[in-house]
There are 2 protein chains.
Amino acid sequence: MSPRTTEQFEAMRIESKDRIIKSALKLFSSKGLFNTSIREIAKEAKVSDGLLYNYFKSKESLAIAVMRSSFDTVDEMIIAHSDQNPEVNIQSSIQNFIRLIENELDKIRLLAQMGFHKEKFEILNQLTVEKYESSVNKFHKNLKLLGVPNPKSEARFLVAILDGLVFEFLLMDNPFDIQKFKKELINKYCKS
Amino acid sequence: MSPRTTEQFEAMRIESKDRIIKSALKLFSSKGLFNTSIREIAKEAKVSDGLLYNYFKSKESLAIAVMRSSFDTVDEMIIAHSDQNPEVNIQSSIQNFIRLIENELDKIRLLAQMGFHKEKFEILNQLTVEKYESSVNKFHKNLKLLGVPNPKSEARFLVAILDGLVFEFLLMDNPFDIQKFKKELINKYCKS
DNA sequence: GTCTATACACGGATAGAC
DNA sequence: GTCTATCCGTGTATAGAC
């Protein structure tokens, strides 16, 4: 029997680890962090309980890994390529956000869930505040360029609308037509 | 030793039950439903574990009682006395909502948290949708009376802003000055 | 790298005394 | 109405074989 190469081991490693994170995300997001057992996660990922502890030293560290990974995708999806035209910038930010809701609601639900606890994962709180502020600032800049009155206030409103949209989607299942909402939003903030 | 009257027993009953619900609310809201044990709740309420089961047949039924009670207060606080003047109506709705955030964030956090566990608390989902729709309709009616263009869209935006405000308060600890936000909102929607 | 078996603590719930 | 003691299941985490 031929011994496996280092590369093969590395591939197995990554594959297993990845499956565990995916499974944990799915379960944490739908059932909640504390209502999901290691056994369930291992089963879903089709690995043994023991193996899971080879990759993550505790349930909490697994949770943090899942959170990090989720935050990263959210982060990537929100980035808008900066254009010269402020209207284009606003529009693309809104579109990115809506795409996020459509495609990655699980990850958002997980982050929200973790963020709701009072003694939360401190790092998450900090990252969230940063994201919030950078979003407000971006909208502020572009609304100002457009000559909108009270651009700072309007930026906060706009971010609140998007956050509210997320919240409503998390609490109710598709309570209304998001595409229509998107059109209304773009109509309102991108007059051209 | 004089035997207690029925009234005295009833008073004790209500008092204990009330303390249990209050304690459960506090702990569920801050630590999460599944991360809070019966023992902790009983300890916080200064009763024994056994007694708790005299009033609630299971942890879940306690959770439902807490949820119901929280929903009721939220419900009451959101009610705006209907005025002839649409501007007054809008303003008072916004003020009620902000007062809710300021004073009852714990209850909202609990409801939001429970809203994530759809399988267990289906009824909550339904109630939430109803509340949402009635809010949108109320704003819609008043914005229409004011002659605002696209009143339906604007009503949805307004509700989304308020929901977003809640969401931001739940995720970040007092991320910005809510009083300033309130003034900006009222300025925007109640021009007079 | 992966599995099975197991130690050990904790949580929900009940029984029975006062 | 309230408490203490206890049963029993489940969950996290580890040990050791392959």
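Lettering of chains follows the sequences in order, A, B, ..., and the numbering in each one begins at 1. Heavy atoms only: backbone and side chains are in, while hydrogens, waters and symmetry mates are out.
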Which whole-number value in Å describes the distance from B/Tyr53 OH to C/dA13 P? 4 Å
Tell me: CD of B/Gln8 to C1' of D/dT2, nearest whole Å? 16 Å
Which nucleotide wins on minimum distance to the side chain of A/Tyr55, given the candidates C/dA13, C/dG1, D/dT12? C/dG1
Starting at atom CD1 of A/Ile20, determine the distance to atom C1' of C/dG1, rounded to an integer number of angstrom. 11 Å
Which listed nucleotide (C/dT2, D/dG11, C/dG12) is nearest to the side chain of A/Ser37? D/dG11
Has B/Lys31 got more than 12 heavy atoms of other residues, nucleotides or ligands less than 6.0 Å from its NZ? yes
Which whole-number value in Å describes the distance from B/Asn35 CG to C/dC10 C1'? 12 Å
So, does the side chain of B/Arg13 form a donor-acceptor pair with the base of D/dG1 at under 3.5 Å? no
Touch check for A/Ile38, heavy atoms < 4.0 angstrom, all strands: base, sugar-phosphate only, or nothing? sugar-phosphate
A/Leu52 atom CG is separated from C/dT4 atom C1', nearest whole Å, by 15 Å
Examine C/dT2: is either OP1 or OP2 under 4.0 Å from a nitrogen or oxygen in the side chain of A/Ser16? Give yes or no. yes
For atom CZ of A/Phe56 and atom C1' of C/dG1, their distance in whole Å: 15 Å
What nucleotide among C/dT2, C/dT6, D/dT2 has an atom nearest to a side-chain atom of A/Arg39? C/dT6
Please check if atom NZ in B/Lys118 has more than 12 non-hydrogen atoms from other residues, nucleotides or ligands closer than 6.0 Å. yes
When hydrophobic residues are tied together by side-chain contacts of less than 4.5 Å, even through go-betweens, does B/Ile78 share a cluster with A/Phe167? yes
Stacked cation flag A/Lys17 on A/Phe56, 6.0 angstrom / 45 deg: yes
Mind calculating the distance between NZ (A/Lys46) and P (C/dT2) to the nearest angstrom? 15 Å
Which part of the nucleic acid, if any, lies within reach of A/Phe34 when heavy atoms closer than 4.0 Å are counted: base, sugar-phosphate only, or nothing? nothing
Should we say atom CD of A/Gln84 is surrounded by more than 12 heavy atoms from elsewhere, each under 6.0 Å from it? no
For the pair made of CG in A/Leu51 and P in D/dT14, what is the distance, rounded to whole Å? 15 Å
Looking at every strand, decide which applies to A/Ser48 at a 4.0 Å heavy-atom threshold: base, sugar-phosphate, or nothing. base
